[in-house]
Amino acid sequence: MSKNLSELSARKGLEDNLFDRLGQLARQTGTPDNEELERLADEFLIGTANTFGTASFYDFMKPENKCKKVYVCNGTACVCAGTQDAVIDTLQQNFKAEEIGHMTCLGRCHENSAFHYQGKNFSGDAINALDFNQINSDNIQGKDTYNVKANGNEILTKTFTSIEEYYTPFKEALKTDSAEVLEEIKTSNVRGRGGAGFPMGLKLEFCRNAPSDVKFIICNADEGDPGAYSDRYLLEERPHSVLFGMLVSGYVTGASYGVLYIRAEYPESVAIVQEAIDAIKKAGLCGKNIQGSGFDFEFKIIQAQGSYICGEETALINSIEGQRPEVRVRPPFPAQQGLFNKPTIVNNVETLATLHYILENGGANWKGLGTDKSTGTKLISLDSFFNNPGIYEVEMGTPLSQVVYELGGGFKSPVKAMQIGGPLGGLVPVSKINDLEIDFESFSRNGFLLGHASIICVPEDFPIIKFIEHLFDFASYESCGKCFPCRLGTKRGQELAQKAFTSDYKIDRVLFNDLLETLEKTSLCAHGGGIPLPVKNALTYFEDELKHYFN
């Protein structure tokens, strides 16, 4: 991370944003023109190496993306469902091979066969229903449907009422000392819903106490975990819950700017959230001197350009600044020194969405739900192997068996494991379903990770060694490349698994264990450090299936 580059990018702030400009240059052909990159470098005084380096990193700006017309999902849920070869075969009847690219998880895990065309996402039977010679972006609809249900209190899934009614708790908060509002959030003990489960109130307090006239709230809407689409649900069906959470976060920290970093794979989300921002701006609930309180808060949407590592908060901050999204060394933490070197809060979509209930009903009420350490409710994403795929809101502490067999209706076909919490989450064999509850502690005690709480099923006939190779391949492709253990180790893991799966080669178990330990202990962030967890789970619970590939 370059502090100088952060300062140079800050000269034009969020309105004339470097990363935004790079994305606009790529929109027409799939990659920015070299002369345009040079002009942009001169304008921002950062040097051509920076604009070229940044543009070459992202899936939808790199030169290899030039002239791509259609993109096929290669996320884990679609891979395990085995639907994507047929999608590619059909697309090849309408497009040249070089016109077909890939996207990693379009959030259509509930029905698979997912692809992206002319700015819209499609899944299910759409591949067989579309006439690619007769459609354009104005007359095609990629709308999907899935189950949405709560097993108790409807909080995150509660039906939206109206702007006037919904934002009443925020207007009341503006009449209250912001320190008191923060105490309610701390009392709730709400923890981050994106991965590590860090207490939200503490993070907000760190930023509040950081001295600065300029602070930022960032909504991490780059939901890159294959199998997860709960953030997409909130962005598209409950966008005001997210905006409400950002406004409150801004109020308690003293931040005046909110950035929604929304992944390119969710184009519909961008349009829907912008409509919601326009609506509250018209109602006088954002902008300057909101409700005469003296509190200012402006929103800005920045569309990501295809990079899983941007889900890591410091890589995301670098991305907004127009730098390569490499992970920063911490400390300093973003709450003290983040976007443009200013104090910054980064929370994911679901975490922000919890604040409406907390302000409306009090922190103690939220804390009264769930378990002592994992409070409130959690959204679960179920993939297409369930009889009832969809989004389910469950109280923390709910048995996993209830989610699988009652809410999800059990499996459509035989399943041997579930990856829960994304590619860095644990690989849970079906034999462990009765041992787990939906909370951070239960998963940790049993050697797994709750994370985003997305559930991807691994069918009986899907080789575990192939699943390991897929995980390493994903981790290698999506590595930011800053630290050697992750950049090299994930690729070596992929090569070992692929060689064992496709030939008589036997993996040296001692060497493999050493590789996993090196990744886990010496990687700079949770990307390289987290990928050993599901691999170790696989080695533990599927030893009989895997022993053929090791010596």
Side-chain angles (χ1 to χ4, degrees), residues 1-2 53-54 56-59 62 64 74-76 102 104-105 194-196 198 220 222-228 263 304-319 321 323-334 346 348 419 421-427 447-449 451-452 465 467-500 507-508 510-539:
M1 185 270 286
S2 168
T54 297
S56 65
F57 186 93
Y58 296 87
D59 283 349
K62 61 177 59 175
E64 296 91 326
N74 67 351
T76 308
H102 81 269
T104 301
C105 197
F198 190 81
N220 180 355
D222 197 32
E223 183 184 46
D225 285 349
R263 59 197 314 250
Q305 296 296 328
S307 172
Y308 176 75
I309 198 62
C310 288
E312 197 281 335
E313 61 180 4
T314 62
L316 185 156
I317 288 169
N318 273 351
S319 180
E321 292 178 352
Q323 301 189 55
R324 285 174 70 90
E326 293 181 343
V327 173
R328 297 181 180 182
V329 176
R330 290 169 289 187
F333 292 91
V346 182
N348 90 318
Q419 182 163 39
L424 312 181
L427 187 65
F448 305 113
L449 180 74
H452 221 118
I465 189 68
F467 190 80
I468 291 173
E469 191 271 337
H470 168 75
L471 289 177
F472 273 125
D473 186 47
F474 173 87
S476 174
Y477 181 85
E478 298 291 354
S479 173
C480 80
K482 184 165 184 174
C483 72
F484 289 148
C486 179
R487 186 172 79 196
L488 302 178
T490 53
K491 185 60 180 175
R492 295 294 87 83
Q494 183 268 329
E495 290 171 343
L496 288 169
Q498 182 185 57
K499 192 173 181 180
I507 302 172
D508 186 313
V510 175
L511 175 68
F512 196 70
N513 288 342
D514 184 59
L515 172 66
L516 296 177
E517 184 178 8
T518 302
L519 278 165
E520 192 171 54
K521 293 184 176 180
T522 64
S523 293
L524 183 58
C525 80
H527 184 73
I531 203 67
L533 175 62
V535 178
K536 286 183 173 181
N537 292 154
L539 292 170

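Predicted, not measured: the structure shown is a model, and the values here were computed from it.
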Approximate separation, where rounding is to 0.5 Å, of [X] [atom1] and [Y] [atom2]:
X    : Y    : atom1 : atom2 : result
E520 : I531 : CD    : CD1   : 11.5 Å
E478 : D473 : CD    : CG    : 9.5 Å
L524 : R328 : CG    : CZ    : 12.0 Å
N537 : L449 : CG    : CG    : 10.0 Å
L427 : I468 : CG    : CD1   : 8.0 Å
T490 : E495 : OG1   : CD    : 9.5 Å

Looking at side-chain heavy atoms only, is the closest gap between [X] and [Y] below 4.5 Å?
X    : Y    : value
C105 : D225 : no
P226 : P423 : yes
F57  : S319 : no

Flag yes if more than 12 heavy atoms outside F198 fall under 6.0 Å of its CZ atom; otherwise flag no.
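Counting other residues, nucleotides and ligands, CZ of F198 exceeds 12 neighbours.
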
Can you establish whether the number of heavy atoms outside K62 located under 6.0 Å from its atom NZ is more than 12?
yes

Donor-acceptor contact below 3.5 Å, side chain [X] vs main chain [Y]:
X    : Y    : answer
T518 : D514 : yes
S479 : A475 : no
D508 : L511 : yes
Q494 : A497 : no

Between [X] and [Y], which heavy-atom pair has the shortest distance, and what is it?
X    : Y    : result
P325 : S307 : CG-OG, 4.1 Å
L424 : A526 : CD1-O, 3.2 Å
I309 : C525 : CD1-SG, 4.2 Å
P485 : T522 : CG-OG1, 3.2 Å
G529 : S523 : N-CB, 3.5 Å
Y58  : C310 : CE2-SG, 4.0 Å

How far apart are the C-alpha atoms of F512 and V535, what are their side-chain angles, what is the distance that settles it, and do they pass the side-chain contact (heavy atoms from CB on, under 4.5 Å) test?
CA-CA 10 Å; F512 196 70; V535 178; 3.7 Å; yes

Chi angles and distances behind the side-chain contact (heavy atoms from CB on, under 4.5 Å) call for T76, F474
CA-CA 9 Å; T76 308; F474 173 87; 5.8 Å; no

Pair E312 + K482, salt bridge at N-O below 4.0 Å
no

Between R487 and E326, is there a salt bridge with N-O shorter than 4.0 Å?
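Looking at E326 and R487, the cut-off is not met.
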
Non-neighbouring partners of H102 that pass side chain to side chain contact (heavy atoms under 4.5 Å, CB included), sequence neighbours left out
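Result, side chain to side chain contact (heavy atoms under 4.5 Å, CB included) vs H102: D59, N74, T104, Y477.
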
With sequence neighbours excluded, tell me which residues meet salt bridge (charged side-chain N to carboxylate O under 4.0 Å, His left out) with D222.
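Testing D222 for salt bridge (charged side-chain N to carboxylate O under 4.0 Å, His left out), a comparison that skips the adjacent residues, returns R263.
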
What orientation do Y308 and H527 show, parallel under 30°, tilted 30 to 60°, or perpendicular over 60°?
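Tilted.
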
For N513, enumerate each residue passing the side-chain hydrogen bond (donor to acceptor under 3.5 Å, both in side chains) test, keeping only those at least two apart in sequence or located in another chain.
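Only R509 meet the side-chain hydrogen bond (donor to acceptor under 3.5 Å, both in side chains) criterion with N513.
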
